[in-house]
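Chain A is the first sequence line, chain B the second, and so forth, proteins listed ahead of strands; every chain is numbered from 1.
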Amino acid sequence: MAEPKENVLMEKIVSLCKRRGFIFQSSDIYGGINGFWDFGPLGAELKRNVKELWWHSMTRFRDDVVGLEASIIMAPQIWKASGHVDTFSDPMCDCLLTKKRFRADQVEAQSGVVYSYTGAKDATSGKELNDPFSVLLAQGKPPESARKTAAQFYQLRGLQNVELLGETTEKVEHSTRFNPENGAQLTEPRPFNLMLQTWVGPIQSDDNVAYLRPETAQAIFVQFKNVHETARQKLPFGIAQVGKAFRNEVTPRNFIFRSREFEQMELEFFIKPDEAVEAIHGSVAVPTAPGHPGEPQPNWGWQMWHQYWVEERVRFYEGIGLARATLGFHLQTPEELAHYARATTDILFKFPFSKVDAAGNVAGDELEGIAARSDFDLSQHERHSGKSMGVFDEDLRTAWGKLAPEKQADLAERYYQARLKYLTKTGVPEAKAQAEAKEDADGLAKGQYIPHVIEPSAGVDRLILALLANAFSGITSTDEKGKSETRVVLKFHPRVAPVKVGVFPLLKNKPELVAKAKEVFQSLRGQMLAFYDEAGAIGRRYARQDEAGTPFGVTIDFDTLGEQPELLNTVTVRHRDDGAQERIAIADLPAWLLARVK
RNA sequence: GCGGGCGUAGCUCAAUGGUAGAGCGCCGGUCUUCCAAACCGGUUACGAGGGUUCGAUUCCCUUCGCCCGCUCCA
């Protein structure tokens, strides 16, 4: 029951994207392939701008984040350690009657009497079916109701006047083979693997199965040691990566929002455990007010860092034109959180397809999740690879020696408990877990620990769609003949706009205008993406650029050539959003534009 | 994966068991002055495969894709 109006908007966006070359369906001429998309000329520029802005804001403008570009296919053990092999492959089964799908491990166990049939016959036509079917009869219900359910099953297969064949009964205890809602038999559990699989090497065998990464983050954890040792960074610091990821989504939907091949921008920001911060600084700073907490401080605990990154990310979105009001926030509840996660804040965008609740509120759909993941990921890789993921912290060792013994004991105990909790949750036998947690707590006293991590993880494609939806505006105008038409203007922030400036000679058939316009175009193109267009009336060329989201238009007219001497070598600059015009000297143009598009 | 709807030109939409049409766009041309102007000319389509038929875009089957719901999922 989606809002028809909203769907119309999505359809317009999809259609515009194709018409203007933002996004095409992958493999279009072969009929397309579900869940895959291609970015056309404008889309490629838009996406590149977004990724570069993210990369620049994360790495080049910060001292404490470095980059990584890892391979897409990695050792398969990584996905075992990360939990993806297990959590991404739930066996599923379907109700044979209603086709409803269940996770096999979530089917409620039931007891009762199973009525089984070898098949059924149409008493009228004589047609016979040999499909076996069983029904679990709930306690207290008459056998007739089981027969009725079975009859429905055969009716769905084309029998009219059902006569059941070969009835047998059997008592079962705690069976998960039946739909708890109607007792109908479920299909055998079938594996569902959300990871795309391939083989490394030309022989396809179980020995060389590998996966296309379902997220870019794991590579960062896996390369943590190498980066830490080579980048001359000390905690806290982060590793950023932009890249493709792949998931065999059950249902790719909503244009590029959920696709099977997508791109992520992920940061893993490694911080000291709170116990270490407290040992060094005496106390741990925690959030006292909402909003951005300002410049990072050495005494921040994970909560400060989490809040800091949420606010940093919001600033990023604001900086590319997504006002705070277009965003939504979702703090994951304890039930939603993974056991190792301490907090996750999702940043949402109100998409045209986002659900509207009964009160008319739109929560939005996820653009990015900022997770405080404790030391789970590095710990997992330490255990699975056998390689230490710990770091040595000189400040901690020095500070620890100066602590009062009771403080040392207190911190060591808290660290011990946290490690013990992790180890037992991940299935380490109790005695071994206690021994290892003790070892970890002893390590802390020597300045060693496994870093904790804050993970802002954003979807590039989702952001592109958000930018398109946010920029999309239809302007309907009626001319003097009463003919009304709707023009589309994509009001991109100049920073993300694919084309920054359109350059036009007012008229195409005047060689002087054309020559001058080309000269202006040449002077701009090295500094920003400029587009030269001489075809059609000037209004049409403005409109074409509006539709592509180009923020500025530059028009060369006879005054540029000196028809009015005081306007010699000046051009008209036209603003996309309101059509306002101003006169700018050609000499000033590059600087004027750069100031507005950077 | 299931159920429902849909698939005709770049876009929006017609018509038809017998050679597929419009508007807009796009390309070219005319025009000395700014928001899809006008005029002239040009351009392009039945998602794919199979079947029924003398003949299928139309009827049937399969398949692919899109939309909605369920399911699933970050």
Side-chain angles (χ1 to χ4, degrees), chain A residues 1-4 6-8 10-12 14-21 24-36 87-88 90 92-103 106 156 187 190 192 194 214-215 245 247-255 257-258 262 264 330 332 336 338 344 346 348 353 365-369 371 457-459 462 475 477 479-481 483 485-489 504-510 512-513 535-547 553-561 563-564 571-576 578-581:
Chain A
M1 231 60 69
E3 300 290 311
E6 308 287 14
N7 294 334
V8 169
M10 265 316 284
E11 277 167 30
K12 281 184 177 170
V14 173
S15 156
L16 176 78
C17 282
K18 179 172 187 188
R19 186 156 51 82
R20 289 310 309 262
F24 306 120
Q25 201 173 9
S26 168
S27 316
D28 197 16
I29 62 168
Y30 287 96
I33 173 167
N34 192 313
F36 298 89
T87 59
F88 268 43
D90 301 316
M92 307 289 298
C93 43
D94 302 315
C95 172
L96 284 171
L97 195 61
T98 61
K99 306 291 182 195
K100 189 171 172 174
R101 171 159 293 164
F102 297 88
R103 264 177 64 173
Q106 287 180 356
L156 281 173
T187 60
R190 286 173 291 190
F192 240 63
L194 277 318
E215 62 172 38
R247 289 181 196 178
N248 243 332
E249 293 291 349
V250 180
T251 316
R253 274 292 160 88
N254 292 324
F255 197 30
F257 183 80
R258 172 171 292 142
F262 56 101
Q264 294 183 302
H330 174 69
Q332 291 196 359
E336 291 173 302
T344 296
D346 292 334
L348 317 170
F353 52 78
D365 286 280
E366 188 192 339
L367 280 183
E368 170 159 357
S457 166
R462 292 176 170 195
I475 294 178
S477 55
D479 65 14
E480 55 275 16
K481 289 177 205 147
K483 197 176 82 174
E485 64 180 5
T486 302
R487 300 192 300 115
V488 172
V489 181
F504 321 113
L506 187 62
L507 293 164
K508 178 187 181 180
N509 59 349
K510 298 294 167 217
E512 326 80 271
L513 288 179
I538 189 68
R540 174 176 300 263
R541 282 175 273 163
Y542 287 148
R544 282 197 280 245
Q545 291 308 309
D546 286 348
E547 214 174 46
V554 165
T555 303
I556 284 75
D557 59 14
F558 290 97
D559 289 334
T560 311
L561 302 176
E563 200 162 272
Q564 291 187 64
V571 292
T572 301
V573 174
R574 179 257 189 190
H575 294 252
R576 175 195 61 204
D578 56 6
Q581 301 194 344

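- Atom C1' of B:A38 sits at a distance of 25 Å from the matching atom of B:C13, rounded to the whole Å.
- Distance from the side chain of A:N509 is smallest for B:C31 among the nucleotides B:C11, B:C31, B:A74.
- Taking only side-chain atoms of A:R247, from C-beta outward, the nucleotide of B:C31, B:A74, B:C34 with the closest atom is B:A74.
- With A:E547 as reference, A:R20 is the one residue of A:R540, A:R487, A:R20, A:R541 to meet the salt bridge (Lys or Arg N to Asp or Glu O under 4.0 Å) rule.
- As rounded to the nearest Å, B:U57 and B:A20 have P atoms that lie 11 Å from one another.
- The nearest whole Å value for the distance from the CG atom in A:N254 to the C1' atom in B:C72 is 14 Å.
- B:G47 and B:U53 are spaced 23 Å apart, taking the C1' atom of each and rounding to whole Å.
- Atom CG in A:D28 sits about 12 Å away from atom P in B:A48, given to the nearest Å.
- With hydrogens and angles ignored, the 3.5 Å screen pairs no side-chain donor or acceptor of A:R253 with any backbone N or O of A:R258.
- For A:L513 and B:C31, the CG to P distance is 13 Å, given to the nearest whole Å.
- Within the cation-pi definition used here (under 6.0 Å to the ring centroid, within 45° of the axis), A:R247 does not qualify as a partner of A:F262.
- In this structure, B:U58 forms no base pair with any nucleotide, since neither Watson-Crick nor G-U wobble geometry is met with both distances under 3.5 Å.
- Atom CZ of A:R541 is separated from atom P of B:C26 by 12 Å (rounded to the nearest Å).
- Taking side-chain N and O atoms only, A:R540 has a distance below 4.0 Å to OP1 or OP2 of B:C26.
- Rounded to whole Å, atom P of B:C26 lies 8 Å from atom CZ of A:R20.
- Counting to the nearest Å, the P atom of B:C73 and the CZ atom of A:R253 are 15 Å from each other.
- Phosphate contact (OP1/OP2 of B:C26, side-chain N/O of A:R544, threshold under 4.0 Å): present.
- Regarding contacts with the backbone of B:G29, a side-chain N or O of A:K508 is found under 4.0 angstrom from either OP1 or OP2.
- The distance from atom CG of A:L194 to atom C1' of B:U71 is 13 Å, rounded to the nearest whole Å.
- Put simply, CD on A:Q25 is 13 Å from C1' on B:A48, counting in whole angstrom units.
- Here the nucleotide nearest the side chain of A:D346, chosen from B:U32, B:A74, B:A36, is B:A74.
- Listed candidates were B:G25, B:C35, B:C70. Nearest to the side chain of A:Q581 is B:C35.
- The nucleotide B:A37 finds no pairing partner, because no Watson-Crick or G-U wobble arrangement with both distances shorter than 3.5 Å includes it.
- The side chain of A:N34 contributes no N or O atom lying less than 4.0 Å from OP1 or OP2 of B:C64.
- Between A:K18 and B:C11, a side-chain N or O to OP1/OP2 separation shorter than 4.0 Å is present.
- Using P as the reference atom, B:G3 and B:A56 are 31 Å apart when rounded to the nearest Å.
- With B:C70, B:U32, B:A74 as the candidates, the nucleotide lying closest to the side chain of A:T251 is B:C70.
- Across all strands shown, B:C13 is found opposite B:G21 as a Watson-Crick or G-U wobble partner, with both distances under 3.5 Å.
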